[in-house]
Each structure stands twice: as C-alpha cells, then as structure tokens.
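Data first, discussion second: the structure below is written as structure tokens.
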Amino acid sequence: SFDNPEQNPCCPPMRNATFNINGVKARINAVTDWLTESTPDVALLQEIKSVDENFPREHFEDLGYTVETHGQKGFNGVAILSKLPLEDISRGLPGDDSDEQARWIEATVIGKKAVRVCGLYLPNGNPAPGPKFDYKLSWMKRLKTRAEALLAAEEPALMAGDYNIIPQDEDAARPEVWREDALARPDARAAFRDILNLGFTEAFRARNQAPGHYSFWDYQAGAYDRNDGIRIDHFLLTPQAADLLNECWIEAAVRGREKPSDHVPVWVELDA
C-alpha cells in the first residue's frame with residue numbers, strides 16, 4: 001500500500017503551472033520546449049496576445065492538451081492548457097460588462113479531486129497615478145468579489161497568474177526603484193492583501209519565506225544575469241486547495257533559454 005500519494009503511481013499529484021509567455025506567436029518554440037520537457041498537467045498562460053481563432057490550438061492539442069482561450073488582438077489574453085478533463089469553462093472577470101480586456105478564464109479540472117482553476121492577468125496600472133491605475137484598482141475590487149464567491153463555495157480552488165503586484169519589499173531585488181510603480185504602490189499592495197486576508201494561502205510564501213526569489217526579469221541591462229528581478233506571478237489557494245498543497249516553486253532557469261519570455265513559470269503541486 002502507498003501511504004504517500006506522491007509515491008503512488010496510480011494517483012500522481014496534479015502539477016499546475018502559471019506562465020506569462022509574452023506572446024504565443026513570438027514564443028511558440030520556447031513554450032513548446034517547456035511543455036514537452038516540464039509536462040505540467042495544467043498550464044495557465046497569460047499574454048497570449050492572440051484572438052481565439054488565431055491561437056495555435058491544434059499545435060498544443062497535438063502535445064496532449066485540451067485548450068481553452070480568452071483572447072484579444074495584439075495584447076492581453078489568457079489560456080488554459082490541460083491534460084486532465086475540463087468542465088464549466090467561463091471567460092471574463094464578472095462585475096463589469098463593459099470591460100473588453102481579456103484577462104480572466106476559469107474552469108474546473110477533473111483529477112482525483114475537482115479543482116476550480118482561475119487564470120488571470122491583472123492590469124499593470126502604469127503610469128500611476130492615472131486612469132490605468134484606477135482601472136487596476138477597480139479590477140482588483142472585482143477580483144475580490146470573485147474571490148469571496150470562490151471561498152463561499154468551500155471547494156478546492158486557485159487563482160493564479162501574473163498579478164502585476166510585488167507583495168512585499170522582499171519580493172524585489174531593488175525595492176527602492178519600485179516605490180512609485182503601480183506594482184508596488186501602497187494602495188495596490190493593500191488591495192492584494194485584502195484579497196489574501198479573506199482566507200487565501202499564497203502558495204510560494206507558504207513553502208519558502210526567503211528573499212531573492214523572482215518570477216520576472218526585465219529584458220534590459222542584463223537583469224536576469226544580475227538576478228535583478230521581482231516576484232509578481234502568484235498562486236492564491238482557497239483553504240480546501242491549501243490542504244492539498246504539496247509544493248510550490250519557481251522555474252527560474254527558463255529565463256536563461258533562447259528567446260525567453262520576461263516571466264518564468266511558477267508551479268504548484270496539489271494532491272488532487
């Protein structure tokens with residue numbers, strides 16, 4: 001018998017990754033190599049920068065993935081790639097029917113347990129202050145409302161993606177240069193904490209409290225080589241999902257590959 005589910009070949013854990021790919025057309029080879037080598041069960045992608053009908057769906061289906069997208073021409077866009085069955089797909093963050101930006105997709109993944117996965121690309125918000133920052137804060141209010149509904153369902157669920165939030169100074173190599181940036185302004189950080197404090201677990205910090213771990217490095221000035229990064233890609237887990245958490249890690253080495261995204265994958269492994 002297998003007491004540890006990680007040792008049970010019949011019941012492997014569900015390996016979920018979030019990855020801002022910075023354009024599926026520009027990054028098709030890099031993403032394909034990553035999927036082939038790292039083989040996530042579920043990949044939540046951001047910044048696909050493609051309308052749904054132009055997304056290379058068949059290419060990823062040939063790699064064994066079910067593909068669901070919520071796209072937009074030229075920028076934004078989110079997708080779910082899953083080796084496990086998907087049910088009840090929905091697109092667009094509720095709360096503002098006039099919002100045309102493609103930043104939210106969710107579905108139920110059917111593994112050993114059903115897990116609601118929500119992929120998000122939170123607005124950057126720069127320049128701040130200004131209309132783009134106002135949109136960011138209003139989007140986060142809607143995110144909080146959706147988060148409350150996920151908690152009320154009392155089921156395993158996660159919200160993962162590029163949050164464009166540096167939660168704390170420890171999440172930046174040089175926090176002083178981000179003080180007035182929309183990613184680290186006090187009201188943006190407070191909005192993130194308001195969501196977290198509803199009862200979510202920030203998966204990476206639940207497993208690693210050390211500074212110096214980043215998920216984004218600018219293309220300029222050798223930022224990756226100097227590890228001058230920020231941590232802005234996050235998994236937030238409901239209590240029911242947090243109970244299933246095995247591990248969370250950042251796949252930083254992907255940033256050093258040929259023609260990389262400026263983000264790297266962040267992983268959560270669930271006993272689901």
Side-chain angles (χ1 to χ4, degrees), residues 15-84 86 89-93 99-107 109 117-126 132 135-136 139 160-164 183 214-224 229-230 232-234 250-267:
R15 298 166 73 249
N16 307 271
T18 178
F19 191 5
N20 180 324
I21 61 173
N22 193 16
V24 69
K25 191 176 292 185
R27 229 64 65 187
I28 185 75
N29 292 332
V31 174
T32 300
D33 290 346
W34 170 69
L35 288 170
T36 303
E37 294 169 16
S38 297
T39 63
D41 296 307
V42 180
L44 302 170
L45 307 181
Q46 302 90 47
E47 278 203 273
I48 62 174
K49 299 181 182 179
S50 169
V51 293
D52 294 336
E53 53 268 31
N54 289 344
F55 189 83
R57 173 184 303 272
E58 291 183 358
H59 174 79
F60 294 113
E61 289 174 343
D62 288 344
L63 297 176
Y65 288 94
T66 297
V67 178
E68 297 290 345
T69 62
H70 180 39
Q72 184 177 345
K73 187 173 183 179
F75 61 109
N76 299 337
V78 286
I80 301 175
L81 276 54
S82 179
K83 290 188 172 184
L84 298 165
L86 296 177
I89 296 96
S90 63
R91 297 167 175 84
L93 183 64
D99 185 2
E100 297 180 350
Q101 297 193 27
R103 295 181 173 275
W104 180 270
I105 189 168
E106 58 179 278
V109 180
V117 300
C118 307
L120 65 91
Y121 176 44
L122 204 146
N124 177 287
N126 282 306
K132 290 186 176 181
Y135 172 65
K136 177 174 191 157
W139 203 93
D162 177 1
Y163 278 77
N164 270 313
L183 278 63
Y214 311 122
S215 63
F216 170 94
W217 296 262
D218 194 279
Y219 288 126
Q220 307 300 320
Y224 177 67
I230 53 177
I232 56 175
D233 302 87
H234 311 300
I250 299 171
E251 196 177 1
V254 171
R255 183 63 173 78
R257 294 183 178 181
E258 187 175 345
K259 205 172 182 185
S261 172
D262 41 9
H263 295 251
V264 296
V266 179
W267 291 75

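The shortest heavy-atom contact between Leu93 and Trp104 is N-CB, 3.5 Å. Taking all atoms of both residues into account, the shortest heavy-atom contact from Asp162 to His263 is OD2-CE1, 3.1 Å. Leu45 approaches Ile48 most closely through the heavy-atom pair CB-CG2, 4.1 Å. The shortest non-hydrogen separation linking Pro123 to Tyr135 is CG-CE2, 3.4 Å. Contact detail for Lys136 and Leu122: the closest heavy-atom pair is CE-CD2, 3.6 Å. Taking all atoms of both residues into account, the shortest heavy-atom contact from Leu44 to Cys118 is CD1-O, 4.1 Å.
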For residues 58-65, please give each side-chain donor-acceptor pair under 3.5 Å, one per line with the distance, not counting sequence neighbours.
residue : atom : partner : partner atom : Å
His59   : NE2  : Thr32   : OG1          : 2.7
Tyr65   : OH   : Pro40   : O            : 2.7

Would you tabulate the side-chain donor-acceptor contacts of residues 68-84 under 3.5 Å, counting partners in other chains and residues two or more places apart, or write 'none'?
residue : atom : partner : partner atom : Å
Glu68   : OE1  : Arg91   : NH2          : 2.5
Thr69   : OG1  : Asp52   : OD1          : 2.8
Gln72   : OE1  : Asn76   : ND2          : 3.2
Gln72   : OE1  : Ala102  : N            : 2.7
Asn76   : OD1  : Arg103  : NH2          : 3.3
Asn76   : ND2  : Gln101  : OE1          : 3.3
Ser82   : OG   : Leu84   : N            : 3.0
Ser82   : OG   : Leu84   : O            : 2.7

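Between Ser215 and the options Thr18, Asn20, Asp233, a side-chain hydrogen bond (donor to acceptor under 3.5 Å, both in side chains) holds for only Asp233.
Checked by atom type and distance alone, the side chain of Arg257 never pairs as donor or acceptor with a backbone atom of Ala30 at under 3.5 Å. At distances below 3.5 Å, not a single donor-acceptor pair connects side-chain atoms of Asp262 with backbone N or O atoms of Phe216.
Counting only heavy atoms from C-beta outward, the side chains of Glu258 and Asn29 never approach each other to under 4.5 Å. Side-chain contact between Trp217 and Val264: present, with at least one pair of heavy atoms (C-beta onward) separated by less than 4.5 Å.
The ring-ring contact (aromatic ring centres under 6.0 Å, His included) search around Tyr121 returns none, not counting sequence neighbours.
The line from CG of Asp218 to CD1 of Ile230 is 8.5 Å long, rounded to the nearest 0.5 Å. The structure places NZ of Lys25 at 6.5 Å from CG of Asn54, a figure rounded to the nearest 0.5 Å. Going from atom CD of Gln46 over to atom CG of Leu120 covers 7.0 Å, rounded to the nearest 0.5 Å.
Within a 6.0 Å radius of CD in Glu100, no more than 12 heavy atoms belonging to other residues, nucleotides or ligands are found.
A salt bridge does not link Glu47 to Arg27: none of the charged side-chain nitrogens sits closer than 4.0 Å to a carboxylate oxygen.
Using bins of under 30°, 30° to 60° and over 60° for the plane-to-plane angle, the ring pair Trp267/Trp34 lands in the perpendicular bin.
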